[in-house]
Each structure stands twice: as structure tokens, then as C-alpha cells.
A.B. asks: 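One structure, pasted below without further comment.
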Amino acid sequence: MTDNLSFSDLGAADPTTEPFWQACVERRLTVQRCTACGSHQFYPRPLCLSCEATGLEWVDAKGSGTIYSLTTIRIPVSEDLAPPYLLALVDLDEGPRLLTNIEAKSAGIGDRVTIAWRRREGLPPLPVFRLSAG
């Protein structure tokens, strides 16, 4: 993938989410931070959910968090993702909650996780999570 590639042009993003997917190409997990109140948010939006300001910047997230909710998917929904697999809401250390896959045979609510990347042909890598060591 080139630096000039627009995922919006491919139908895989829109102008609001394009910076997120461009960062994923570099294997960086980014979230928006409000320049007025400092709140972090994900998924990307044109205004701050906390104060409704429109001054938002993209910042790198640590790539770590805690499983808030978890379920095992047992029904096939995509050829690229064979069941069973774990789907979770992860509370990132920066505050936002992210819907993602957990790459593990089993996990539990409250488990600590760290970022991993799932390669996808012709698209930016997908942020997924693995259980943290220790």
C-alpha cells in the first residue's frame, strides 16, 4: 500500500475514518482527542462527545486495555473469520471502548489485553487484541 492510497476511494473508509485506517497501515492504533476538553473518543466523529467542540486531533493509543464484555461467536459470518472466535468490547487505557476480536482460545471479563494486527489482503491491517503476558 502506498502513502497516497485513499481507503475512502476504495469504499473501506470515509473522510472521518480515513486517518484511523491510514495509521493502521503503520500499525498504529489511534483515537481522537478533543483539543478543548482533552477527552478521548472512538469511533471517529466530527465533534467531541463530551463537550461538542469540533477541534479534534488524532493521537496514538498505547494499545492496551481491559476486556469489558466478551462473547464467543459460533456462527460463520465471513469466510475470513472461521468460528468459534471471541468478540469483545475493550476499554482502552485512554478511555474509549473498542469492539474487536480477541485472539485467544479463551478470555474473561477484566482480562488485560494488548494490540495485535490481523493482515488483510488489499486493506489496512485490522487492530485485534491478545491477552497480556503476566
A.B. asks: Could you walk me through whether Cys37 and Cys48 satisfy the side-chain contact (heavy atoms from CB on, under 4.5 Å) test, starting with their C-alpha distance in whole Å, then the side-chain angles of each, then the deciding distance to 0.1 Å, before giving a yes or no?
C.D. replies: CA-CA 9 Å; Cys37 74; Cys48 176; 3.7 Å; yes

A.B. asks: Are the side chain of Ser64 and the backbone of Asp93 linked by a donor-acceptor contact shorter than 3.5 Å?
C.D. replies: no

A.B. asks: Once you round to the nearest 0.5 Å, how far does CG of Leu87 lie from CG of Asn101?
C.D. replies: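 So the gap between those two atoms works out to 6.0 Å.
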
A.B. asks: Of all the heavy-atom pairs spanning Glu57 and Thr35, show the shortest one and how long it is.
C.D. replies: CD-CG2, 3.9 Å

A.B. asks: If I take atom CG from residue Leu81 and atom CD1 from residue Ile73, how far apart are they, to the nearest 0.5 angstrom?
C.D. replies: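 Spacing of CG (Leu81) from CD1 (Ile73) equals 9.0 Å.
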
A.B. asks: What pair of heavy atoms forms the shortest contact from Ala107 to Leu70, and how long is it?
C.D. replies: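 So the minimum-distance heavy-atom pair works out to O-CD2, 3.1 Å.
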
A.B. asks: Any sub-3.5 Å donor-acceptor pair from Ser69's side-chain atoms to Leu89's backbone N or O?
C.D. replies: no

A.B. asks: How long is the span from the CD atom in Gln32 to the CG atom in Leu47, to the nearest 0.5 Å?
C.D. replies: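 Atom-to-atom, Gln32:CD and Leu47:CG are 9.0 Å apart.
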
A.B. asks: Are Ile109 and Tyr68 linked, directly or through other ILVMFWY residues, by side chains that come within less than 4.5 angstrom of each other?
C.D. replies: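 Hydrophobic grouping puts Ile109 apart from Tyr68.
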
A.B. asks: Can you give me the closest heavy-atom contact between Ala104 and Leu86, atom names plus distance?
C.D. replies: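 Nearest pair, atom of Ala104 first, then Leu86: O-CD1, 3.4 Å.
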
A.B. asks: Supply the atom-to-atom distance Thr30 OG1 to Trp21 CH2, rounded to the nearest 0.5 angstrom.
C.D. replies: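 Between Thr30 OG1 and Trp21 CH2, I get 10.0 Å after rounding to 0.5 Å.
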
A.B. asks: Pair Tyr85, Val128 - check side-chain contact (heavy atoms from CB on, under 4.5 Å), show working.
C.D. replies: CA-CA 12 Å; Tyr85 60 90; Val128 296; over 6 Å; no

A.B. asks: For Ala88 and Ile67, which heavy atoms make the closest approach, and how far apart are they?
C.D. replies: CB-CG2, 4.2 Å

A.B. asks: Between Leu56 and Cys34, which heavy-atom pair has the shortest distance, and what is it?
C.D. replies: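 Distance-wise, the nearest heavy atoms are CD2-CA, 3.7 Å.
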
A.B. asks: Can you get from Leu99 to Val77 by hopping between Ile, Leu, Val, Met, Phe, Trp and Tyr side chains that sit under 4.5 Å apart?
C.D. replies: yes

A.B. asks: Is it true that Ile102 and Leu126 fall in one hydrophobic cluster, defined by side-chain heavy atoms closer than 4.5 Å?
C.D. replies: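 Per the 4.5 Å side-chain linkage, Ile102 and Leu126 are co-clustered.
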
A.B. asks: Is Arg130 reaching over with its side chain to a backbone N or O of Ile115, donor-acceptor style, under 3.5 angstrom?
C.D. replies: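 Not confirmed, Arg130 side chain does not pair with Ile115 backbone.
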
A.B. asks: Quick one: pull up OG in Ser106 and CG in Leu131 and give me the separation to the nearest 0.5 Å.
C.D. replies: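 Those atoms lie 7.5 Å apart.
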
A.B. asks: Are Leu92 and Leu49 grouped together when hydrophobic residues (ILVMFWY) are joined by side-chain heavy atoms under 4.5 angstrom apart?
C.D. replies: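 No, because Leu92 and Leu49 fall into different hydrophobic clusters, even though each may have its own neighbours under 4.5 Å.
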
A.B. asks: With the side chain counted from C-beta on, respond yes when Phe20 and Pro124 share a heavy-atom pair under 4.5 Å apart, and no when they do not.
C.D. replies: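 Sidechains of Pro124 and Phe20: no contact.
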
A.B. asks: So if you build clusters from Ile, Leu, Val, Met, Phe, Trp, Tyr with side-chain heavy-atom gaps below 4.5 Å, do Phe42 and Val90 land together?
C.D. replies: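 In one cluster: yes.
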
A.B. asks: Is Arg119 salt-bridged to Asp80, going by a charged N under 4.0 Å from an acidic O?
C.D. replies: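 No, this pair does not count.
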
A.B. asks: Find the distance between OH (Tyr43) and CG (Leu98) and round it off to the nearest 0.5 Å.
C.D. replies: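 Tyr43 atom OH to Leu98 atom CG measures 13.0 Å (nearest 0.5 Å).
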
A.B. asks: What's the shortest heavy-atom distance between Arg120 and Pro125, and which atoms?
C.D. replies: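 For Arg120 and Pro125, the tightest heavy-atom pair comes out as NE-C, 4.4 Å.
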
